[in-house]
Structure formats: structure tokens, C-alpha cells
Amino acid sequence: MNSHRSLTGGSSFGADGARVTVTGVVHFFWDAGEGASGHMTVNIETDDPLMPNTYDLTGELRSRVIGQMEEGRRIEIDYVVEPHEIVDHDGVVTDGRRPRILDVRIGDRA
């Protein structure tokens, strides 16, 4: 069952291999710490309500924007859609899609 797939054969994130840019305003973020293992989850109010609104930033991308991140700022996130396997708690494996974040830009307050 692939309930996350769209009628066009892509996913809610877009078509496989497609470069996508989502824009919006930072609603809230949660930062899990410093260093290479640190990651930040960002929830945005997207300009297009059909776009996904939660993204994880890690590594260099997280380090680059952590000092600029604040609620109410404009944000642009570029990503490519990649396939991956989803394993549920019963061990059932399904095909899924997820974004591989390429770039993040933080703008002025909305």
C-alpha cells in the first residue's frame, strides 16, 4: 500500500529525480544539537498548501542556517525526490519517497 503516492505516480514530495523548491515561512523548528550528528527539524507554513511542510536539516546545511533560523522568517528549501524503503513496526516493507535536501535559504521576516 502506497497511500503517500499521488495519482500522477510521484509522491507528495514530487516525481522521482525532480528538483523541487518549496517556499514559505518558518512556523517552528527544533534543533537536536551540535556537531556532525546534530540535526534540526523545521516546520514551515508553505506558500503552496499541497507541499509537505516538515523537513530535517543535517550536517553542513544545518550548520549554515542555524544562526539565521527563527520563527516568522521566509525560507526556501531545494530538494530532489529519492526512493527509499519504509519498514513499519510489523516488519512490512513498502516503497516510499523522501526529499534529499540540496540547499536552504533563509530570508527576511514575513
Side-chain angles (χ1 to χ4, degrees):
M1 181 170 101
N2 289 325
S3 61
H4 58 279
R5 291 181 66 89
S6 74
L7 296 176
T8 60
S11 71
S12 58
F13 289 111
D16 287 359
R19 184 179 179 121
V20 178
T21 299
V22 62
T23 59
V25 175
V26 176
H27 180 67
F28 68 88
F29 67 97
W30 178 77
D31 187 48
E34 299 289 327
S37 63
H39 99 273
M40 176 181 4
T41 299
V42 180
N43 183 275
I44 66 176
E45 293 178 25
T46 59
D47 294 338
D48 178 348
L50 298 177
M51 295 297 288
N53 62 359
T54 304
Y55 298 89
D56 289 320
L57 305 179
T58 60
E60 185 274 329
L61 284 173
R62 179 207 161 271
S63 296
R64 190 165 44 86
V65 299
I66 186 64
Q68 304 170 54
M69 190 65 66
E70 66 181 59
E71 294 172 7
R73 302 259 324 242
R74 295 286 303 162
I75 188 168
E76 294 181 351
I77 300 173
D78 296 331
Y79 63 85
V80 172
V81 179
E82 295 182 327
H84 76 112
E85 290 185 338
I86 300 170
V87 181
D88 72 14
H89 64 280
D90 293 325
V92 176
V93 178
T94 57
D95 293 333
R97 305 290 179 271
R98 66 178 171 197
R100 179 172 51 89
I101 310 284
L102 301 173
D103 195 19
V104 177
R105 293 171 299 284
I106 307 293
D108 295 329
R109 293 192 64 75

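Just so it is clear, the values below take in all heavy atoms, side chains as well, and ignore hydrogens, waters and symmetry mates.
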Which atom pair, heavy atoms only, marks the closest approach of [X] to [Y]?
| X | Y | result |
| --- | --- | --- |
| Y55 | I77 | CD1-CD1, 3.7 Å |
| V80 | R19 | CG2-CA, 4.4 Å |
| Y79 | V22 | CE2-CG1, 4.3 Å |
| V26 | I44 | CA-CG2, 4.1 Å |
| L57 | R62 | O-CB, 3.7 Å |

*side-chain hydrogen bond (donor to acceptor under 3.5 Å, both in side chains) partners for E71, two or more places apart*: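 Checked E71 against side-chain hydrogen bond (donor to acceptor under 3.5 Å, both in side chains); zero matches.
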*asked:* Under the rule for side-chain hydrogen bond (donor to acceptor under 3.5 Å, both in side chains), what residues qualify as partners of T23, not counting sequence neighbours?
replied: D47
*Which residues share a salt bridge (Lys or Arg N to Asp or Glu O under 4.0 Å) with D103, sequence neighbours left out*: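 Per chain and number, D103 pairs via salt bridge (Lys or Arg N to Asp or Glu O under 4.0 Å) with R64, R105.
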_Within one Ile-Leu-Val-Met-Phe-Trp-Tyr cluster: F29 and M51, side-chain cutoff 4.5 Å_ =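 Yes, F29 connects to M51 through the hydrophobic network.
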*asked:* Let's go through M69 and V42 carefully: what are the C-alpha distance in whole Å and the side-chain angles of both, what is the deciding distance for side-chain contact (heavy atoms from CB on, under 4.5 Å) to 0.1 Å, and is it a yes or a no?
replied: CA-CA 9 Å; M69 190 65 66; V42 180; 3.9 Å; yes
Just so I know, are the side chains of [X] and [Y] near enough to count as touching, which here means a heavy-atom distance under 4.5 Å?
| X | Y | answer |
| --- | --- | --- |
| V25 | R74 | yes |
| D31 | I66 | yes |
| E45 | F28 | no |
| M40 | T58 | no |

*Sidechain-backbone polar pair: R73 side chain, Q68 backbone, donor-acceptor under 3.5 Å*: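 Yes, R73 side chain to Q68 backbone: donor-acceptor pair under 3.5 Å.
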_Rounded distance [0.5 Å steps], OG1 in T94 versus CG in D88_ = 7.0 Å
*Report the distance from atom CH2 of W30 to atom OG1 of T54, rounding to the nearest 0.5 Å.*
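The distance works out to 13.0 Å.
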*Verify the neighbour count for atom CG of D48: are there more than 12 heavy atoms of other residues, nucleotides or ligands below 6.0 Å?*
yes
*For D78 and T21, run side-chain hydrogen bond (donor to acceptor under 3.5 Å, both in side chains): C-alpha distance rounded to whole Å, both residues' side-chain angles, the deciding distance at 0.1 Å, then the answer.*
CA-CA 4 Å; D78 296 331; T21 299; 2.5 Å; yes
